[in-house]
Student: 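Structure in structure tokens, see below.
Every chain is numbered from 1, with letters handed out A, B, ... down the list of sequences.
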Protein chains: 2
Amino acid sequence: MSLEPLPGISTAEMVVQRIRDAILEGTLRPGDRLIEADIAAELGISRGPVREGIRLLAAEALVVLRRNRGAVVASPTFEDILEVYVVRKGLGSLALQHAISLDVATAPEFDDALVLLDRLRDPEVQGDPLLMMDADLAFQSALFDLSGLERITAVLDQTARDIPVFVRVLGITYDSVDHAALIERHDHLVEAIRTHHRDAALRAWDDHIRSTVGEFSRGYPDAQIERIFDLPLMHHILDYSSQP
Amino acid sequence: MSLEPLPGISTAEMVVQRIRDAILEGTLRPGDRLIEADIAAELGISRGPVREGIRLLAAEALVVLRRNRGAVVASPTFEDILEVYVVRKGLGSLALQHAISLDVATAPEFDDALVLLDRLRDPEVQGDPLLMMDADLAFQSALFDLSGLERITAVLDQTARDIPVFVRVLGITYDSVDHAALIERHDHLVEAIRTHHRDAALRAWDDHIRSTVGEFSRGYPDAQIERIFDLPLMHHILDYSSQP
DNA sequence: CTCTAGAAGATTGTCAACAATCTACGAAAG
DNA sequence: CTTTCGTAGATTGTTGACAATCTTCTAGAG
């Protein structure tokens, strides 16, 4: 279980991947302590890079740090994942508006996004919920990149990395997604960007967030659905922030 | 020039403060390299905490990291600071909406915000542009905290830490601010939150962003003001994202 | 029986030395 | 004169050991 020094990726980043994967596959669970020495030994490296990796994970909110008391795997709540979607709704709509105002439909990066969208049509991808989620988020990320707003895309990408982990940790099942409807919404979004229809694009984006969160909420096991729909955050997604 | 191990703050965080201060006072300038060994020697500590501090600064976009090639002080552009304000406009409006929907006006934290607002009326604070900026941002941060949205407030606080540095580095003069008008806008905002007037609050927030950016643009020495007002980001602040 | 004080162990924080990588300078070839 | 290559120096990446801090367990007082 040792790490090869792959080119193009630092040791600390490998630690990040390993720990994130361990959370995704259930080996590490919320509240588990991350002992630097143990992880270092298991990975066959020293504590330095492990420490650095843990700090990176803390910046992504996947672990929480306590001074002189180590790090533990974060315990996200359903409200946390809703907050992630509130952020994506808000910053995503900023990025999309900006991309449209830049007339990016002719840029080569636009085609990159289209290629990523096509991956969602691949039956093999559709067969694996996790693959589907990754592909979906990668497509969205490519769209946001069109804006050229690095700070905003950085935050969006961070939320995108968190989503699979949060979903896994919360025990949300992402299975019964209507793939055809999802792709259709994305097609609308792409078409709206291409034709400079700002309002249509924002509507498509809102639709997407709304359906995705609706899907999550239905698949959430802690079945107090009524309570969830009473959360202010849920109101946020359903109502007001779309028409201030 | 050595560091005392103050309680409640880690060595790495002291490194962050020192470097940030050095940028603010002009000792460190954009493009300057940050040599771990040099900084460690100057501060009388070892490279470990210095390294950690530099990574923290990189997460805040104040320095840029290049693999195996060290860190340099970031060279923000005028567009970068505009992007910061686009983020604050978007996420700030989300946080404020959320705070209002929570009926926070009765919470003790609301009074904390009021106290911070009063600091802006202090003549001594008004005398020092940097103090004024800090006090203003602290007040805004207290308002955002009312939302209880930790992820969103974390991003907002990060932008707040960047603003003084960006202003300094870009050579923006923040002198001719109309303090009375600034405070009046904030009073409107507070009153709107207290009385649950969501639209009034959002309008007050938009006003604030708009005036602040207008102020910045006027005080920007690279005097191509017309060009600045043609930037898509400026359109973003002036127009469309306020009424989708 | 419960609560507090203290010592032993576990774990993080820090350090200095070593290894790997990059940069800059200069010599040789074209 | 320009370009390429190679070496020396500078700097980052990594490591293992030590110091400081926290946690846990036990003994004793109440």
Side-chain angles (χ1 to χ4, degrees), chain A residues 1-19 22-23 27-75, chain B residues 1-19 22-23 27-75:
Chain A
M1 225 215 201
S2 77
L3 291 177
E4 297 298 312
L6 270 95
I9 189 165
S10 75
T11 312
E13 278 162 355
M14 285 193 281
V15 172
V16 169
Q17 288 182 11
R18 284 304 191 94
I19 295 180
I23 299 175
T27 313
L28 280 173
R29 298 187 352 190
D32 284 355
R33 294 186 58 186
L34 297 173
I35 313 285
E36 294 176 2
D38 293 354
I39 297 172
E42 192 170 356
L43 267 48
I45 57 180
S46 79
R47 275 178 54 213
V50 173
R51 193 179 167 83
E52 196 170 320
I54 289 178
R55 303 306 161 113
L56 288 172
L57 286 163
E60 277 188 37
L62 291 190
V63 310
V64 300
L65 249 44
R66 300 164 304 171
R67 182 185 312 289
N68 287 325
R69 299 170 73 218
V72 300
V73 178
S75 305
Chain B
M1 224 212 201
S2 75
L3 292 177
E4 295 300 311
L6 270 95
I9 189 165
S10 75
T11 313
E13 278 162 356
M14 284 193 283
V15 172
V16 168
Q17 287 183 10
R18 283 305 190 94
I19 296 179
I23 298 175
T27 313
L28 280 173
R29 299 186 358 193
D32 283 356
R33 294 186 60 185
L34 296 172
I35 313 287
E36 293 176 1
D38 292 355
I39 297 171
E42 194 170 356
L43 266 49
I45 58 180
S46 81
R47 274 179 54 213
V50 173
R51 194 179 168 82
E52 197 171 319
I54 289 178
R55 302 305 159 115
L56 289 172
L57 287 162
E60 277 188 37
L62 290 190
V63 311
V64 301
L65 247 45
R66 299 165 304 174
R67 182 182 314 287
N68 288 326
R69 298 169 73 217
V72 300
V73 178
S75 305

Student: Taking only side-chain nitrogens and oxygens of A:Arg55, does any of them come within less than 4.0 Å of OP1 or OP2 of C:dG13?
Tutor: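 So the side chain of A:Arg55 is within the cut-off, an N or O lying under 4.0 Å from OP1 or OP2 of C:dG13.
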Student: Taking the side chain as every heavy atom from C-beta outward, state whether A:Leu65 and A:Val63 have any pair of such atoms under 4.5 Å apart.
Tutor: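 Answer yes - side chains close enough.
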Student: Once rounded to the nearest 0.5 Å, what's the spacing between atom CZ of A:Arg18 and atom CD1 of A:Ile45?
Tutor: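 One gets 9.5 Å once the value is rounded to the nearest 0.5 Å.
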Student: Under a 4.0 Å N-O cut-off, is there an ion pair linking B:Arg67 with A:Glu13?
Tutor: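 Result for this pair is yes, salt bridge flagged.
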Student: Walk me through whether B:Arg51 and B:Val15 qualify under side-chain contact (heavy atoms from CB on, under 4.5 Å).
Tutor: CA-CA 9 Å; B:Arg51 194 179 168 82; B:Val15 172; over 6 Å; no
Student: Within the 4.0 Å heavy-atom criterion, would you say B:Gly48 contacts the bases, only the backbone, or no part of the nucleic acid?
Tutor: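 Result for B:Gly48 = nothing.
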Student: Select from A:Asn68 and A:Glu52 the residue whose nearest nucleotide in DNA chain D is closer to the 5' end of that strand.
Tutor: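 The residue closer to the strand's 5' end, by nearest nucleotide, is A:Glu52.
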Student: List, one per line, each side-chain donor-acceptor pair under 3.5 Å for residues 27-35 of chain A, sequence neighbours excluded.
Tutor:
unit_1	atom_1	unit_2	atom_2	d
A:Thr27	OG1	A:Glu25	OE2	2.8
A:Asp32	OD2	A:Arg29	N	2.8

Student: Would you indicate what B:Leu34 reaches in the nucleic acid, counting non-hydrogen atoms under 4.0 angstrom: base, sugar-phosphate, or nothing?
Tutor: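 Sugar-phosphate only.
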Student: How long is the line joining CD of B:Glu36 and C1' of C:dC22, in whole Å?
Tutor: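 So the CD-C1' distance, B:Glu36 to C:dC22, works out to 14 Å.
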Student: Please report the C-alpha distance between B:Gln17 and B:Ile9 in whole Å, then the side-chain angles of each, then the deciding distance to 0.1 Å, and finally whether the side-chain contact (heavy atoms from CB on, under 4.5 Å) criterion is met.
Tutor: CA-CA 11 Å; B:Gln17 287 183 10; B:Ile9 189 165; 3.1 Å; yes
Student: Report yes if some heavy atom in the side chain of B:Arg55 is under 4.5 Å from a heavy atom in the side chain of A:Leu56; otherwise report no.
Tutor: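 No. Closest side-chain heavy atoms not under 4.5 Å.
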Student: Can you give me the first and the last nucleotide of DNA chain D (5' to 3') that has an atom within less than 4.0 angstrom of a non-hydrogen atom in chain A?
Tutor: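 It runs D:dT14 to D:dT23.
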Student: Which value, rounded to the nearest 0.5 Å, describes the distance between B:Leu57 atom CG and B:Glu52 atom CD?
Tutor: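 Between B:Leu57 CG and B:Glu52 CD, I get 11.5 Å after rounding to 0.5 Å.
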Student: Just report the end-to-end axis angle for the helix from C:dC1-D:dG30 to C:dG30-D:dC1, five pairs per end, to 10 degrees.
Tutor: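 For the helix from C:dC1-D:dG30 to C:dG30-D:dC1, the axes at either end differ by 20°.
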Student: Checking only heavy atoms, does the side chain of A:Arg47 share a donor-acceptor pair with the base of C:dG13 at less than 3.5 Å?
Tutor: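 By the distance-only test, yes, there is a pair.
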